[in-house]
*Asks:* 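Take a look at this one; I'll ask things after.
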Amino acid sequence: MLRTQKLGEADRIVTLLTRQHGKVRAVAKGVRRTASKFGARLEPFMVADLQLYEGRSLDVITQAESISSYGALITADYSSYTAASAMVETADKLTESEGSLQQYLLLVGALRSLSRHEHGASLTLDSYLLRALSMAGWAPSFQDCSRCGARGPHSAVVVQLGGVVCDTCAPPGSPRLTADTIALLGALLTGDWDYAKQSAEQTKAQATGVVAAYTQWHLERGLRSLEHVSR
Ligand SMILES: [Zn+2]
């Protein structure tokens, strides 16, 4: 479940990212009534097994079976909630034209990890964003120069150029980051949690700044929910 919007008195339009059919918008009838047969199964962050039938303009959800309880666990914790909100908004934007099984699995895995408090909300979100953007064709480089390919490590990071750049390619005044921060960004991209977790708070904060800038650069109009993430 990516997002929902009200429809009429008691219904909602639910935007779903599905395993096999990409992004789907469907109507959930009567879902806003307290005695709805759907309960809370059609809320954002929920992972559910659905049955739909083809309606006149939108499909209609006839059955919903919860297959995980991530949603409730995430909503109960503010930092998880804001991180999950940024994740579903990103998934929503990245799957504008078509969804993919990879994006679906990445999102479900990140939500599950978040609900279990495995790596902290902020690191989980940063890693998700880097990997989701990579899958969408915008893989950053945190090792070799993203412009000319010169062997790293490099210290200048220019999100508009795709990550680290060598001294020849770096425009004057490019921000420089510590080797620790660049190594952390690489670890978040590959999912090296053992490395990521031992990073200093200041390093994590610097990496978060880079990930946020990289995400905003690639997603037109930016992410509204990223502004609410408590860091
Ligand atoms: Zn270069």
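When a ligand or atom number is given, it counts from 1 through the structure's own listing order. In this chain, residues are counted from 1 in sequence order. Computed from a predicted structure; not experimentally measured.
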*Asks:* So that I can tick it off, tell me whether D180 and K204 are bridged by a salt bridge, with the cut-off set at under 4.0 angstrom between side-chain N and carboxylate O.
*Replies:* no
*Asks:* Any side-chain donor paired with an acceptor under 3.5 Å for T95 and Q103?
*Replies:* no
*Asks:* Taking the Zn ion (ligand 1) as the centre, count the protein N/O/S atoms lying under 2.8 Å from it.
*Replies:* 4
*Asks:* Once side-chain contact (heavy atoms from CB on, under 4.5 Å) is applied, do any residues pair with L73, and if so which ones, sequence neighbours excluded?
*Replies:*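 Applying side-chain contact (heavy atoms from CB on, under 4.5 Å) to L73 gives S69, S115.
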*Asks:* Just to verify, what does Q202 make a side-chain contact (heavy atoms from CB on, under 4.5 Å) with, not counting sequence neighbours?
*Replies:*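 Scan of Q202 (side-chain contact (heavy atoms from CB on, under 4.5 Å), adjacent residues dropped) gives none.
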*Asks:* May I ask you to say whether R32 pairs ionically with D11, meaning some side-chain N is under 4.0 Å from a carboxylate O?
*Replies:*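 Answer for the salt bridge query: no.
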*Asks:* Once side-chain contact (heavy atoms from CB on, under 4.5 Å) is applied, do any residues pair with A183, and if so which ones, sequence neighbours excluded?
*Replies:*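 For A183, the residues satisfying side-chain contact (heavy atoms from CB on, under 4.5 Å) (neighbours in sequence not counted) are Y195.
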